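A short worksheet on the structure shown next.
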Number of protein chains: 2
Amino acid sequence: MVTLAEVAQHAGVSASTVSYVLSGKRSISVNTRQRVERSIRELGYHPNAGARALASSRSNIIALMIPLRTDMYVPVMMEIAIAVATTARTHGYDVLLLTGEEGPDAVRRVAGSGLADGMILMDVELDDERLPLLRETDRPAVLIGLPADTTGLTCVDLDFKATGALCVEHLAKRGHHDIAVIGEAPAVYERHTGFAERTLDGLRARARELGLRLLHRPCEGGYDAMAVTLARILDERPGTTGFVVQNESAVEPLLALLRQQGRAVPEDVSVVAICPEQVAVQASVRLTSVAVPAQEMGRLAVEQLVAKLDGRGGDEVVLIAPELTVRASSGPAPAQ
Amino acid sequence: MVTLAEVAQHAGVSASTVSYVLSGKRSISVNTRQRVERSIRELGYHPNAGARALASSRSNIIALMIPLRTDMYVPVMMEIAIAVATTARTHGYDVLLLTGEEGPDAVRRVAGSGLADGMILMDVELDDERLPLLRETDRPAVLIGLPADTTGLTCVDLDFKATGALCVEHLAKRGHHDIAVIGEAPAVYERHTGFAERTLDGLRARARELGLRLLHRPCEGGYDAMAVTLARILDERPGTTGFVVQNESAVEPLLALLRQQGRAVPEDVSVVAICPEQVAVQASVRLTSVAVPAQEMGRLAVEQLVAKLDGRGGDEVVLIAPELTVRASSGPAPAQ
DNA sequence: GAAAGCTGTCGAAGCGCTTCGACAGCCTAT
DNA sequence: ATAGGCTGTCGAAGCGCTTCGACAGCTTTC
């Protein structure tokens, strides 16, 4: 391995000069800079990460924690993770992938060992057990999701409450009075995952304001579970004509079941989904939906974290405004 | 931050002794060990990762490269990534997540900087541009997937050729003579991704041996693309009664279209899928399928890599034998 | 009872980098 | 002309750990 010292010798300068060329922390004459850069290229020099981390107490790594709960919709997570990794690179950081397996102690380990300069936590529960640990370390962190108590924390998330409201409004405008909400798997609610509950809050609040009836049912997803759930809903509220679906794996089953029962979408019933764009577009009926902006969430989280690492910006809750895209699964708005 | 020296002082021993307690590389008396361990606990000591990496030239990190091609089926990738991360932890390694954005140079950067001790490459093409770079570094690596030339490389993958053969055999036994293969998106074949071509080889070879007719069509996935593809297939080979699907996002559309056309599954046509277990089980018709063992691939890759890092084991191609699970989408075997 | 071999511990060197203070040489303002 | 300020470079200290050789104090062996 080529070292700084070898580059310095090759370029006929001191080691510190090479270091300053690399970091740009002191001014260097054009001449010297070019000589050094040339040596770096010719020798194929790469700074040693460990040495750098030791000397500067900065690893240029950010940790990304994805607690692995199998009931979570995985592709969204993946999309976020990828966005985090690529955005991090544009700021000179690499990303360390931590799964839930290790439990909350991973926070302590990573912070304590200086492995990562900061961390991003995904899939945050309302009362997440990682938060106390996070608060006791000094490392900057950003949450993707919203816990119950956000004091002293930086969070990035879709505004799920507004999302819920938006869905209800849309259906109300289409003239629907009885609305059913197909939610995430029961376990998601039992865990008190923020986004699910906040969506529900938004749905309920706006439904009340607009005088609509709202029925919420968690659903495991898949055909069998969806069939049972739908039967129960229609049994309890036969007049249901509006559906809000917040469960990736229930979308297609729902459409198939409705079709099978002779309920045409969007003529008889309207469906609004909260899901990634791609799912909405690829479904058998192109779905009116509020997109879950996974990429943007990942990107924003990194940018918030980098800002904190640079000593800029403080604690902040960044909520992304939802956008509803009308497609083929909800009827046309009645003429005004 | 607590340092080794502070632990040593607290325990009344030298720094090297603490180091040996930690690494177990020299024998330590029970008494001393316990004193040291107690100090470690009381002070909340975590070894500094950078210092460790510098002194030992081992980072205890493995890099996982996921080139981001949007036409790839993402959830499988995610599952592999998660399996890699958790398995790595059980061997004392952390995982660095690299995306394709950075290009093949990432290999050089990571190897050159000593950031990672070894790497795992996913989504390997037959003639992957990362391979030359990989061969010129000395860092151990494991590929998930199979390139054209595997000399000097360790690879882990499902035996896709055998998988193809298995699917054809299954359909042959069910009495199907005209078989259509719904493949991955065209881009996947244009890229010469190993798994897609190997599956096709297996399908074709066995079909020839068994005297079946085989029609292969790539497909983008989604309803519209699938509708076009299916129409063309049935136009060209109206007698097609067996389908092999190797494209996640074409599965459900295919089932819906067949249903819509009055072709009953499995009475009129049989469908065999090559996909993750979960997809097969959650489909509207429970699918006879060969599972893509994402978790096992991730696990095996890490284990191969760790073996190499420990100086055990050499270059090896590990092919996982495919297993076909009969479910509801293929007819009963005819009585013998 | 001397030689040889263990076992458990220590001291010191060094891994490759960053960063601080020093300072030579030059320019500007008085 | 002289003090003061820049600019560009260097030397040296030190980040926290691993690891090598040394060695004191034992036990074993013939």
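Throughout, a chain's letter reflects where its sequence line sits, starting with A, and its residues are numbered from 1. When reading the values below, keep in mind they use all heavy atoms of this one structure, side chains included, and skip hydrogens, waters and symmetry mates. Computed from a prediction, not measured in an experiment: that's the story for all the values here.
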(request) Quickly work out the R58(A) CZ to dG16(D) P distance and round it to whole Å. (result) 16 Å
(request) Find the distance N60(B):CG to dT18(D):C1' and express it as a whole number of Å. (result) 13 Å
(message) Can you list everything that forms a salt bridge (Lys or Arg N to Asp or Glu O under 4.0 Å) with E129(B)? Sequence neighbours excluded, please.
(response) none
(message) Can a donor-acceptor pair be found, under 3.5 Å and without considering hydrogens, that links the side chain of R139(A) to the backbone of A111(A)?
(response) yes
(request) Taking salt bridge (Lys or Arg N to Asp or Glu O under 4.0 Å) as the test, write out the residues that go with D159(A), two or more places apart. (result) none
(request) Kindly calculate the angle separating the two end axes of the helix from dG1(C)-dC30(D) to dT30(C)-dA1(D), each obtained from five base pairs, and round it to 10 degrees. (result) 30°
(request) For R41(A), check salt bridge (Lys or Arg N to Asp or Glu O under 4.0 Å) against everything at least two apart and list the hits. (result) none
(request) Any side-chain hydrogen bond (donor to acceptor under 3.5 Å, both in side chains) involving residues 45-54 of chain A? Give me the pairs, sequence neighbours left out, ordered by first then second residue. (result) none
(request) Considering non-hydrogen atoms only, spot the tightest contact between L97(A) and A81(B) and give its length. (result) CD2-O, 4.1 Å
(message) Between C1' on dG16(D) and CZ on R52(A), what's the gap in Å once rounded to a whole number?
(response) 18 Å
(request) Please state how far atom CG in L115(A) lies from atom P in dG16(D), giving the value in whole angstrom units. (result) 16 Å
(message) Taking side chain to side chain contact (heavy atoms under 4.5 Å, CB included) as the definition, give me every residue that meets it alongside T154(A), ordered by chain and number, with sequence neighbours left out.
(response) V142(A), Q304(A), K308(A), D315(A)
(request) Can you sort out which residues in residues 32-50 of chain B have a heavy atom within less than 4.0 Å of DNA chain D? Ascending by number, please. (result) Y45(B), P47(B), N48(B)
(message) Among residues at least two apart in sequence or on other chains, which ones pass salt bridge (Lys or Arg N to Asp or Glu O under 4.0 Å) with E136(B)?
(response) R108(B)
(message) My understanding is that only residues two or more places apart in sequence, or in another chain, count here; which of them pass ring pair (Phe, Tyr, Trp, His ring centres under 6.0 Å) with F160(A)?
(response) F195(A)
(request) Give every residue pair that meets the side-chain hydrogen bond (donor to acceptor under 3.5 Å, both in side chains) criterion with at least one member in residues 88-101 of chain A, sequence neighbours excluded. (result) R58(A)-Y93(A), R89(A)-E102(B), D94(A)-R109(B)
Validation: residues 26-36 of chain B side-chain donor-acceptor distances under 3.5 Å, sequence neighbours left out:
unit_1, atom_1, unit_2, atom_2, d
S29(B), OG, T32(B), N, 3.3
S29(B), OG, T32(B), OG1, 2.8
N31(B), OD1, R35(B), NH1, 3.4
R33(B), NH2, I28(B), O, 3.3
R35(B), NE, A11(B), O, 3.0
R35(B), NH2, A11(B), O, 3.2

(message) Contact list please: residues 7-30 of chain A against DNA chain C, heavy atoms, distance less than 4.0 Å, in numerical order.
(response) S16(A), S19(A), Y20(A), K25(A), R26(A)
(message) Please report the distance, rounded to the nearest Å, between CG in L54(B) and P in dT19(D).
(response) 12 Å
